Number of protein chains: 2
Amino acid sequence: MAKADGPAQEPDPDTGEIDLGVLKDVIGFRIRRIQNHLSRAFAERIDRKDVRPGVFSALALISANPGLSQTALSREVGFDKATVVAMLDSLERLGWAERRRSKHDRRRSALHITADGKKALKGLRATAVANEAAIHAALTEDEQARLFELLDKVYAVCFADPE
Amino acid sequence: MAKADGPAQEPDPDTGEIDLGVLKDVIGFRIRRIQNHLSRAFAERIDRKDVRPGVFSALALISANPGLSQTALSREVGFDKATVVAMLDSLERLGWAERRRSKHDRRRSALHITADGKKALKGLRATAVANEAAIHAALTEDEQARLFELLDKVYAVCFADPE
DNA sequence: TATTGTTATACTCTATAACTATA
DNA sequence: TATAGTTATAGAGTATAACAATA
């Protein structure tokens with residue numbers, strides 16, 4: 001209304017010059033754009049519909065924490081228990097992980113990675129690295145370390161406030 | 001197998017002491033956890049099923065770029081054109097935005113926010129700020145600026161490599 | 001009584017493909 | 001011929017609630 005001379009009634013879509021407006025301060029918006037791109041690109045790279053999203057994360061966590069329970073896994077990946085059941089079904093169907101009964105608490109599954117799973121994990125990890133290679137190339141070591149540090153801080157806060 | 005003394009055959013799920021393993025280097029994993037939490041918390045705060053996800057982003061972008069086309073919007077939010085159609089249907093049903101025919105190219109919609117939309121945007125922005133208040137509180141000004149800077153760098157890279 | 005995992009189910013979100021109207 | 005937007009549709013992904021076994 002008080003705009004002096006801006007004829008930009010209709011922004012040119014080809015310039016890519018778009019104002020983020022109110023979104024400039026919103027972390028969630030920036031995070032989501034990156035996440036969308038990364039997850040889509042990752043799915044394209046593996047290009048197997050029997051490897052569902054979350055399978056890489058789950059396999060990595062099982063590998064690093066042998067005997068992990070499904071509940072603990074669900075908390076770590078941020079999905080519901082029921083969703084984790086489906087993920088583990090996939091994982092067992094692939095022969096990459098297995099459920100054993102916990103000795104201390106027979107309600108629990110003790111999750112373990114298999115030999116095949118270890119091989120698959122290597123491949124998935126390589127895919128993930130390749131998927132993020134451009135990012136690593138664009139950031140200095142210091143910047144990467146700083147980014148991870150800040151992201152961890154943010155993540156910690158997310159679960160610190162029970163609000 | 002060669003583990004000397006660790007009886008940690010089954011990690012205690014209550015300690016929260018879980019090893020990220022291979023995931024430690026993966027940006028995508030860290031981003032996703034945060035995004036999951038943030039989007040879920042945001043949805044809980046607005047608590048209106050007629051306000052679909054993406055509506056806040058879309059409204060903010062339309063507000064900041066009057067006359068924006070749907071294609072440009074779809075590129076910016078990272079969704080398909082068809083998905084953006086549904087978002088705009090919601091937006092118009094809410095009376096928060098409207099489609100006008102572009103004068104220069106009659107195939108295009110020129111998107112504009114309404115008076116009600118401006119009010120709603122204020123509320124949504126406040127919700128987003130509240131949703132991220134804990135994060136802002138935990139980070140210094142410098143850290144926030146640095147985080148945004150790094151995230152922008154990452155985002156730029158995502159679309160720089162056509163790979 | 002509370003918790004682990006399971007099943008069945010329904011719902012939300014998103015993309016694909018075919019169509020139209022403009023260019 | 002190519003692009004902007006639309007429609008119809010199918011599919012992926014996730015959560016909810018009720019249940020069984022165990023604690």
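This structure is a prediction, so every number in the text was calculated from the model and none was measured. Lettering follows sequence order; numbering is per chain, from 1.
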Protein proximity profile, nucleotides 15-20 of chain D - base contact B, sugar-phosphate-only contact S, no contact -, cut-off 4.0 Å on heavy atoms: BB----
Shortest side-chain distance from A:Val85, nucleotide among C:dC13, D:dG5, C:dG5: C:dG5
Between C:dA15 (P) and A:Glu44 (CD): distance, integer Å: 12 Å
Please list every donor-acceptor pair under 3.5 Å in which a side-chain atom of residues 50-59 of chain A meets a protein atom from a residue at least two apart or in another chain.
| residue | atom | partner | partner atom | Å |
| --- | --- | --- | --- | --- |
| A:Asp50 | OD1 | A:Arg48 | NE | 3.1 |
| A:Asp50 | OD2 | A:Arg48 | NH2 | 2.8 |
| A:Ser57 | OG | B:Arg32 | NH2 | 2.9 |

Exercise: do B:Arg99 and B:Gln70 side chains pair donor with acceptor under 3.5 Å: yes
Interatomic distance, B:Gln70 CD vs D:dT7 P [rounded to whole Å]: 10 Å
Under the side-chain contact (heavy atoms from CB on, under 4.5 Å) test, residues paired with B:Asp152 that sit two or more places apart: A:Arg30
Side-chain heavy-atom pair B:Thr83, B:Val77 within 4.5 angstrom cut-off: no
Enumerate all atom pairs, one protein N or O and one N or O from nucleotides 20-23 of chain C, separated by less than 3.5 Å.
| residue | atom | partner | partner atom | Å |
| --- | --- | --- | --- | --- |
| C:dA23 | OP1 | B:Arg106 | N | 2.9 |

Whole angstrom value for the distance that separates C1' of D:dG13 from CG of A:Asn36: 14 Å
5' priority, DNA chain D, between B:Arg99 and A:Arg52 [closest heavy atom]: B:Arg99
DNA chain C contacts among residues 88-96 of chain B, heavy-atom distance under 4.0 Å: none
Point-to-point distance, once rounded to the nearest 0.5 Å, from OG of B:Ser63 to CG of B:Leu111: 12.0 Å
Nearest-0.5 Å distance, CZ of residue A:Arg146 to CD of residue B:Glu143: 5.5 Å
Difference in axis direction between the ends of the helix from C:dT1-D:dA23 to C:dA23-D:dT1, five pairs, 10°: 10°
Nearest-angstrom distance from the residue atom NZ of B:Lys49 to P of C:dC13: 12 Å
Spacing between A:Leu73 atom CG and C:dT3 atom P, to the nearest angstrom: 19 Å
Atom-pair distance (CG on A:Leu68; P on C:dT4), nearest Å: 12 Å
